Enquirer: 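Please see the structure below; I have some questions.
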Amino acid sequence: MTDPRRRLPSVDTLLVRPEIAALVGPHPRSLVVRAVRDALDQARGAGGAEPDEGWSGAVAGRLARAAAPSFVPVINATGVVLHTNLGRATLAGPAIEAMCRAAEGYSTLEYDIGRGARGSRHRHCRDLLVELTGAEDAIVVNNAAGGVLLALAALARDGEAIVSRGELVEIGGSFRIPDVMARSGARLVEVGTTNRTHLKDYEQALTHQTRVLLKVHRSNFQVSGFTAEVDAAEIAQLARAGGAASVYDVGSGLLIDLAAWGLAGEPTVPAAVASGVDLVVCSGDKLLGGPQAGILVGHAAAIAACRQDPLARAVRSDKFTLAALEATLALYRDPERARREIPVLRMLTEDVDSVRRRGEALREGVGGEASLIEGESEVGGGSFPGTTLKTWLVSLTSDHLKVDLLAARLRAGDPPLIPRIHEARVVLDPRTIFPDQVSAAAHAARAALDG
Ligand SMILES: *Cc1c(COP(=O)(O)O)cnc(C)c1O
């Protein structure tokens, strides 16, 4: 008997079959050829049989998978507003428009129109940051991790930087303060204990080698019980008296006070600046609600040192970031408008009845297997740890799908719907579902339940 694998069609015979030939055009020929080869390889591995779905079905399936982008929009039904894995902050309308304009054409990225000559990219968000935070000067870099690296390199390279043991934190996978300090060329001097650090601990560690006193906001966890930390104003004062600089990494970049909405405990950037530290570092895409960025604001000499450091070039921000950040910051000139139009702030301060109405609409759209239950949303992004927001969850039940399978089907939908598992149930939190996504979310949930 001849080996059935020898009877497999050739690549060329498959490529001229009309259904397969029709795939060239919509897809690049090279991709179709690869899909044909892969389908043949698989058939050879399986003993030489024609695929169950036929040759054209097998090729089309492979092609669709190969052509699909991996970076796609999803509906965030987790209720975690700043979900780092889902892209943190979504942008306000004016920021999206500014980003598109920067993408579509040439711009004044590093061009001074008045002089008709080269300008500086560092100029763009500077005045707005100065205006909104009360700082003397500002610089924007790629992200806050880069900002801390740049600050320490510029101010403490080859010298010592003192940090409290209670603030040697790791933030969101792979950003560890001690590691970043080591890379900056600063020597880490730890003071105090995990739960308590006093001003005298800093005083005793201060030597002529000390270049920076660093304070890090414990973004993603809380310490409670017998604790003590030194506030930024005292650190700033001590650093000044000792001839060192002070740096305060506040993390989330909150520009306006949200205590009236039950969100307290995060330092605002203006308050951090007012404490008198030389540099405040924060993220652009956490509570500020802008694009990924690291923002440094503070005293003119400290910002100038950052700007002149060779690392500034390595961590500089791109034109899309600067365009989106400038437009986001401009909204803060009217804090109420910022709260309404910046999606992160809008979601965090949305009234629970309004969330409930969106939940009702979603529940109705899904039908019988959905019910509305009380629950809690999270801020996320290491901001306001321990604070939760009241919400209403759409709970999905299925008589034939287990929880994990239902969740997997939701994630595999088009668009993918990312649910949360809550007390062994699949739930959708309308807080992070935009009003114009409710019907798509309902359809996606319906399709997942029906399959
Ligand atoms: C989130 C965070 C960072 C890192 O910010 P990125 O912009 O993600 O680099 C650094 N420090 C603190 C305190 C943070 O909360």
Side-chain angles (χ1 to χ4, degrees), residues 80-91 125 129 138-153 161 163-184 186 188 212-223 229 231-232 235 246-255 258 263 265-269 271-273 275 277 279-298 306 311-312 314-318 320-322 324-325 328-329 344 348 378-387:
V80 181
V81 175
L82 290 169
H83 198 304
T84 296
N85 303 144
L86 302 182
R88 284 198 189 154
T90 62
L91 295 180
C125 297
L129 284 167
I139 179 175
V140 178
V141 298
N142 184 44
N143 57 18
V148 173
L149 180 67
L150 177 61
L152 292 172
V163 194
S164 158
R165 289 198 171 88
E167 297 174 4
L168 287 173
V169 300
E170 170 176 320
I171 290 152
S174 75
F175 177 75
R176 288 181 151 194
I177 288 288
D179 298 345
V180 173
M181 292 187 72
R183 280 298 146 108
S184 73
L188 168 64
V212 160
L213 265 56
L214 173 67
K215 182 170 176 61
V216 183
H217 179 59
R218 280 188 288 257
S219 288
N220 45 6
F221 67 106
Q222 286 173 301
V223 287
E229 65 177 292
D231 70 30
I235 287 191
S246 49
V247 176
Y248 186 7
D249 174 9
V250 296
S252 66
L254 181 64
L255 287 183
L258 297 178
L263 294 159
E266 278 296 315
T268 67
V269 180
V273 168
S275 73
V277 293
L279 276 184
V280 176
V281 185
C282 70
S283 271
D285 58 350
K286 292 186 182 170
L287 291 174
L288 194 147
Q292 179 190 306
I295 294 168
L296 297 104
V297 293
C306 291
L311 260 185
V315 296
R316 78 177 185 188
S317 55
D318 68 290
F320 307 116
T321 300
L322 292 169
L325 186 60
T328 306
L329 291 170
V344 169
L348 290 177
E378 254 183 73
V379 180
S383 309
F384 294 114
T387 304

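Both counts, for ligands and for their atoms, begin at 1 and track the order of listing. In this text the structure is predicted, and so the values were computed from the model without any measurement. The first residue in the sequence is number 1, and the count goes up from there.
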Enquirer: Applying side-chain hydrogen bond (donor to acceptor under 3.5 Å, both in side chains), can you list everything that pairs with E167, at least two apart in sequence or on another chain?
Expert: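 For E167, the residues satisfying side-chain hydrogen bond (donor to acceptor under 3.5 Å, both in side chains) (neighbours in sequence not counted) are K215.
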Enquirer: Does E378 reach the side chain of P385, with side-chain heavy atoms less than 4.5 Å apart?
Expert: no
Enquirer: Report the distance from atom OG of S252 to atom CG of L82, rounding to the nearest 0.5 Å.
Expert: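 Here the rounded value is 8.5 Å.
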Enquirer: If you measure from CG on L296 to SG on C306, what distance do you get to the nearest 0.5 Å?
Expert: 5.5 Å
Enquirer: Measure the spacing between CZ of R316 and CG of L150 and express it to the nearest 0.5 Å.
Expert: 13.5 Å
Enquirer: Please report the interatomic distance OG(S283) to CG(D249), rounded to the nearest 0.5 Å.
Expert: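 Interatomic distance, S283 OG to D249 CG, rounded to 0.5 Å: 8.0 Å.
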Enquirer: Using a strict cut-off of under 4.0 Å between a residue heavy atom and any atom of ligand 1, list the qualifying protein residues by chain and number.
Expert: R88, N143, A144, A145, I171, F175, H217, S219, D249, G251, S283, K286
